Participant: 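Here's a structure for you.
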Number of protein chains: 2
Amino acid sequence: MNQETVGECLGEDHGHGAASLPLPSSEVCARTAAIFRALGDERRLSLLALLAHREMCVSELTERLKDNLPAISQRLKLLRAERIVVTRRQGKHVFYSLADNHVAQLIANGLAHGCESDGQ
Amino acid sequence: MNQETVGECLGEDHGHGAASLPLPSSEVCARTAAIFRALGDERRLSLLALLAHREMCVSELTERLKDNLPAISQRLKLLRAERIVVTRRQGKHVFYSLADNHVAQLIANGLAHGCESDGQ
DNA sequence: AAAACACTTGACGAAATCATCAAGTGTTCT
DNA sequence: AGAACACTTGATGATTTCGTCAAGTGTTTT
């Protein structure tokens, strides 16, 4: 992403009167907050950390995370509703993967920060 | 024909010899999720979008967001607890700013994604 | 010292979120 | 067609989170 895009999202004032600091539209804030909220759960994040490696079906995720399948499926449902993951059916299996590399980037950055600020 | 699919998905021994993919430690996941959770609220995010411009005291934030002061203060308290913002007292005023560039980057990236995926 | 200003905090009810489980759907195998 | 597999969904109760307001703290002004 380039700096201009970020600036527009922050609502930077490209004009010349400096008094008001514009906010992103409330739609953008709401959408962004919804994404962050979806990422803001330890178990969903573990799920996403696995999917950051490669696509996986629900059974494999269930087994790797040692949890029960409906629980995993519910979390995936929420992530799908927020368009953070996408699905692909192949035979009996449903494969999940991260929706795009922007999402992947967001998760990677978050985890990197989580690493650094851990234990402080 | 279909054995192949199952084999690729779960491995032939169905989890007793599957290669382990690295997961972040649960501490890192928990810390990261806590950060995302803190960012995952529209009003807190508006607050942070303003602080992305420059540091501000509570009164100014309150005025710009047209909300009541205790409400703003409570949100800032949560953000401070997660070390997403830091404070600096100057006379009667308490100035808030983003804790570091990494946090700023995270917010900017999130908003950029929120921009792109908005309205879809 | 007292008043005024700029916040911060504690507490409590309201609202949103989450895990769990039974029941349902879609696909493949026999 | 029926059974088995791989999920998905709806409902419900428990937990967590949030907004609100009264009361408290720290700083400056008078």
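Keep in mind it's a predicted model, so treat the numbers as computed, not measured. Order of the sequence lines fixes the chain letters, A, B, ..., with proteins taken first and strands second; residue numbering starts at 1 for each chain.
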Participant: OG of A:S97 to NE2 of A:H53: how many Å apart, nearest 0.5 Å?
Facilitator: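 If I round to the nearest 0.5 Å, the distance is 14.5 Å.
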Participant: With distance as the sole test, does B:R44 use its side chain to make a donor-acceptor pair with the main-chain N or O of B:A38 at under 3.5 Å?
Facilitator: yes
Participant: Short question: side chain of B:S73, backbone of B:L69 - any donor-acceptor pair under 3.5 Å?
Facilitator: no
Participant: Among all residues two or more places apart in sequence or in another chain, which pass the salt bridge (Lys or Arg N to Asp or Glu O under 4.0 Å) test with B:R89?
Facilitator: none
Participant: Between B:L79 (CG) and D:dT17 (C1'), how many Å, whole number?
Facilitator: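 To the nearest whole Å, that distance equals 14 Å.
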Participant: Rounded to the nearest 0.5 Å, how far apart are CG of B:L47 and CG of B:L39?
Facilitator: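 CG of B:L39 is found 11.5 Å from CG of B:L47.
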Participant: Does the A:T32 side chain pair with the main chain of A:V28, one donor and one acceptor, at a distance under 3.5 Å?
Facilitator: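 The answer is yes, because a donor-acceptor pair under 3.5 Å joins these two groups.
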Participant: For nucleotides 15-18 of chain C, list the nitrogen or oxygen atoms of the protein found under 3.5 Å from its nitrogen or oxygen atoms, one pair per line.
Facilitator:
| from | atom 1 | to | atom 2 | distance (Å) |
| --- | --- | --- | --- | --- |
| C:dC18 | OP1 | A:R44 | NH1 | 3.4 |
| C:dC18 | OP1 | A:R44 | NH2 | 3.1 |

Participant: Any side-chain heavy-atom pair from B:M56 and B:E63 closer than 4.5 angstrom?
Facilitator: no
Participant: Run A:R75 and A:D67 through salt bridge (Lys or Arg N to Asp or Glu O under 4.0 Å) and show every step you take.
Facilitator: CA-CA 12 Å; A:R75 287 170 208 144; A:D67 205 330; 3.1 Å; yes
Participant: Could you pull out the protein-nucleic contacts involving nucleotides 5-12 of chain C (nitrogen or oxygen on both sides, under 3.5 Å)?
Facilitator:
| from | atom 1 | to | atom 2 | distance (Å) |
| --- | --- | --- | --- | --- |
| C:dA6 | O3' | B:K92 | O | 3.3 |
| C:dC7 | OP1 | B:V94 | N | 3.0 |
| C:dC7 | OP2 | B:S59 | N | 3.0 |
| C:dC7 | OP2 | B:S59 | OG | 2.1 |
| C:dC7 | OP2 | B:H93 | ND1 | 3.4 |
| C:dT8 | OP1 | B:Y96 | OH | 3.0 |
| C:dT8 | OP2 | B:S73 | OG | 2.9 |
| C:dT8 | OP2 | B:Y96 | OH | 3.3 |
| C:dT9 | OP2 | B:R80 | NH2 | 3.4 |
| C:dG10 | O6 | B:Q74 | NE2 | 2.4 |

Participant: Counting only side-chain nitrogens and oxygens, does B:N68 get under 4.0 Å of the OP1 or OP2 atom of D:dT20?
Facilitator: yes
